[in-house]
Amino acid sequence: MALDTPLRRLFDYLPPAPAGAGPEPLPGMRVRVPFGRQRLVGTVVAVTDSSELPPERLKPILEVLDATPLFDAHALELILWTADYYHHPIGEVLAGAIPKALRLGVGATETEEHWTVTPAGAAAHAAGEPRRAKNQRALLEVLIAAGGSARAALLDERGENWREAARALQARGFAGRSVAALERAAGTVRVRAAGPTLMPEQDDAVQQVGAAFGRYAAFVLEGVTGSGKTEVYLRLSERALAAGCGVLVLVPEIGLTPQLVARFRERFEAPLAVLHSGLTDAERLAAWRDARTGRARLVLGTRSAVFAPVADLGLIVVDEEHDGSFKQHEGALRYSARDLAVMRASLAHVPVLLGSATPSLETLHNVDAGRYLRLRLLRRPGESRPPLLKLIDLRSSAVESGLATPAALAMQRHLEAGGQVLVFLNRRGFAPTLLCTACGWIAPCRDCDARLTVHLAAARLRCHHCGAEAPLPQRCPQCGFAVKPVGQGTERIEAALAARFPTVPIVRLDRDVVRKRGDLEQVVHRMVSGEARILVGTQMVTKGHDFPNLTLVVVLNADQGLFSTDFRAAERLAQTIVQVAGRAGRGTRPGEVLIQTEFPQHPLLQSLLEKGYDGFAATALEERRQAEWPPFSRLAAVRASARTREAALGFLAEARASGERHAAGLRLLGPVPAAMAKRAGRFHAQLLVESRERRALHRFLERWVAEIGALKSAQRVRWALDVDPLELF
Ligand SMILES: [Zn+2]
Ligand SMILES: [Zn+2]
């Protein structure tokens with residue numbers, strides 16, 4: 001039995017007493033059990049006839065909550081595997097995999113309550129009974145008039161308090177109550193309109209993945225934006241649905257990729273279950289139930305949807321598989337939904353399709369190793385040339401408000417030719433720093449090792465790491481001299497471009513603009529309709545929006561990712577540049593991409609320019625191999641935070657000492673403070689474990705995690721284990 005406790009173990013219980021009352025507990029069913037003085041909802045993981053505890057110390061299950069298992073065998077296996085691989089308490093993994101209402105014991109299926117007249121009740125009614133109880137007699141009449149039975153909801157609609165009378169009739173044996181699963185018609189699926197004729201590469205991808213239906217196989221669908229990956233997802237989904245199977249589609253962020261969900265809705269006339277973090281508890285429960293019963297055969301969702309029940313699962317799609325948001329890197333259980341999707345496909349014997357224009361190096365390594373099959377969509381329909389990438393040397397160009405002269409001239413040219421321009425800068429706000437030019441004071445965040453960002457329109461200073469806010473001061477709080485914003489943010493670039501191109505309408509796309517549902521669509525619409533000609537945006541612009549008339553992309557600053565202590569920074573930068581460049585030159589117009597940098601000779605930029613993402617990936621993988629970084633080794637990080645530096649580092653030093661005793665063949669690196677050590681008033685640090693061999697790492701972790709948890713210093717910190725960490729300090 002798994003219970004939602006931080007204890008890394010299962011609990012034994014006896015079957016409910018008396019035997020035979022209610023359904024028999026099976027793996028995957030929820031039960032209510034006594035736990036100390038509490039009553040908890042748990043999930044049966046296995047049924048055995050032995051226990052380490054003597055029988056007299058075992059307590060019976062109080063109640064079995066489900067008539068059929070909540071998780072099918074594969075889904076339950078996935079959860080057990082997750083707990084095992086990420087070294088996380090099984091009860092918490094299970095609890096996190098289901099909607100909140102189910103954790104509290106609410107029924108997994110929608111039910112309906114009925115009240116039915118018994119033969120004795122009918123006879124009594126015929127005899128004019130019960131004479132003295134007016135309400136009971138009235139209720140009997142209603143039930144008989146309704147054909148002998150009525151739904152509770154119908155009785156509620158009468159507006160009277162009928163329950164007391166109903167219970168009295170039940171006590172007399174005149175009426176009975178029953179609860180039955182609500183029968184909803186299983187989802188019918190109709191394809192609204194046939195899709196466009198497939199390009200040969202698309203057709204080939206559909207054939208190859210289609211041929212793997214019914215068994216496990218992993219495919220990488222590689223294609224730039226606009227190459228038609230979504231059409232491949234749609235065709236394969238069509239096939240799976242036609243075979244009576246369900247489809248699970250994982251996307252990085254629903255809010256930022258409304259187009260994909262919209263494409264599925266347009267193509268299929270069928271109920272869709274859409275699962276993401278923006279749902280209310282009730283909405284999540286409804287979507288989860290629809291997925292489980294098969295009413296919705298298409299299940300789309302973000303990260304946590306990898307655990308969603310999908311009736312008769314036949315295909316898994318992970319769109320934008322390289323996206324960092326598939327990795328949960330907050331909280332206790334830090335899993336990769338992309339990796340779990342592949343594991344789920346293997347457990348369920350179904351094909352999985354990982355789509356991206358810029359596959360992660362891990363995924364490409366799996367291709368090299370023959371574990372995944374690579375399918376490529378090279379051509380963009382109706383377009384001949386890929387966009388042309390060029391570097392602009394910031395050291396030898398005049399720069400005004402962040403924009404170098406050659407870039408400004410190119411913008412002019414493209415705008416005059418009727419094109420649209422995207423200006424990319426991955427930093428929102430007006431300026432990243434507020435500086436006093438007299439005394440050198442810089443507006444700091446009180447709770448982080450970070451500067452406050454100037455938001456001029458809102459007249460606020462904001463910390464992008466902890467959310468702290470302050471009014472924008474006019475004068476230096478230290479010396480009283482005037483302060484000035486230093487550096488560029490999207491808000492400032494927008495203002496500078498408006499001054500430079502006064503007649504050209506500009507829109508901005510970042511988290512300050514997109515605050516609620518519909519904001520994003522509005523910005524996208526203004527660009528697509530041609531009303532706006534210049535788009536200034538952050539990372540958000542890389543998320544699969546089509547701007548067919550966009551001909552020029554300017555990357556204002558590529559240098560943030562070039563010199564980082566995190567070995568993945570270069571990969572992320574290359575992916576961002578390729579994804580942003582992918583916005584240019586859709587349709588028939590050729591695109592141009594200008595990348596501003598102070599390091600035009602940097603090998604990463606050079607390999608990207610000369611050989612494209614493929615060339616970059618080959619170079620980067622070779623570097624990783626030589627340095628023995630993942631995917632050529634396995635990593636786990638213990639991350640800790642505390643009120644003081646001493647507490648966080650002290651705990652990690654003890655953790656290291658304890659691990660060193662049995663770390664033969666492994667490397668322990670650290671502890672080190674985070675690059676931004678202080679965040680939101682807490683001090684952050686990490687300790688890395690590296691192993692060339694996955695199994696050795698997990699044998700080590702198994703023992704080590706238990707040791708760490710038992711350390712006294714663990715009480716003074718918040719700590720979590722991060723297996724396969726994506727971001728390093
Ligand atoms: Zn000052
Ligand atoms: Zn802060």
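Keep in mind the model is a prediction, meaning the values are calculated, not measured.
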(request) Only pairs at least two apart or in different chains count here, so list each salt bridge (charged side-chain N to carboxylate O under 4.0 Å, His left out) that has a residue in residues 328-338. (result)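 Qualifying pairs: Glu321-Arg338.
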
(message) Can you pull out every salt bridge (charged side-chain N to carboxylate O under 4.0 Å, His left out) where at least one residue sits in residues 414-429? Sequence neighbours excluded, please.
(response) Arg428-Asp512

Residues in salt bridge (charged side-chain N to carboxylate O under 4.0 Å, His left out) with [X], at least two apart?
X: Asp447; value: none
X: Arg500; value: Glu400
X: Arg515; value: none

[X]: which residues meet the ring pair (Phe, Tyr, Trp, His ring centres under 6.0 Å) condition with it, sequence neighbours left out?
X: His276; result: none
X: Tyr86; result: none
X: Trp629; result: Phe567
X: Tyr233; result: none

(request) Any ring-ring contact (aromatic ring centres under 6.0 Å, His included) involving residues 415-440? Give me the pairs, sequence neighbours left out, ordered by first then second residue. (result) none

(message) Listing request: all ring-ring contact (aromatic ring centres under 6.0 Å, His included) pairs with a residue in residues 595-620, at least two apart in sequence or in separate chains.
(response)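 Sorted pair list: Phe563-Phe599, Phe563-His602, Tyr613-Phe616.
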
Donor-acceptor pairs under 3.5 Å, side chain of residues 473-483 to any protein atom, not counting sequence neighbours: which ones?
unit_1, atom_1, unit_2, atom_2, d
Arg475, NH1, Gly480, O, 3.2

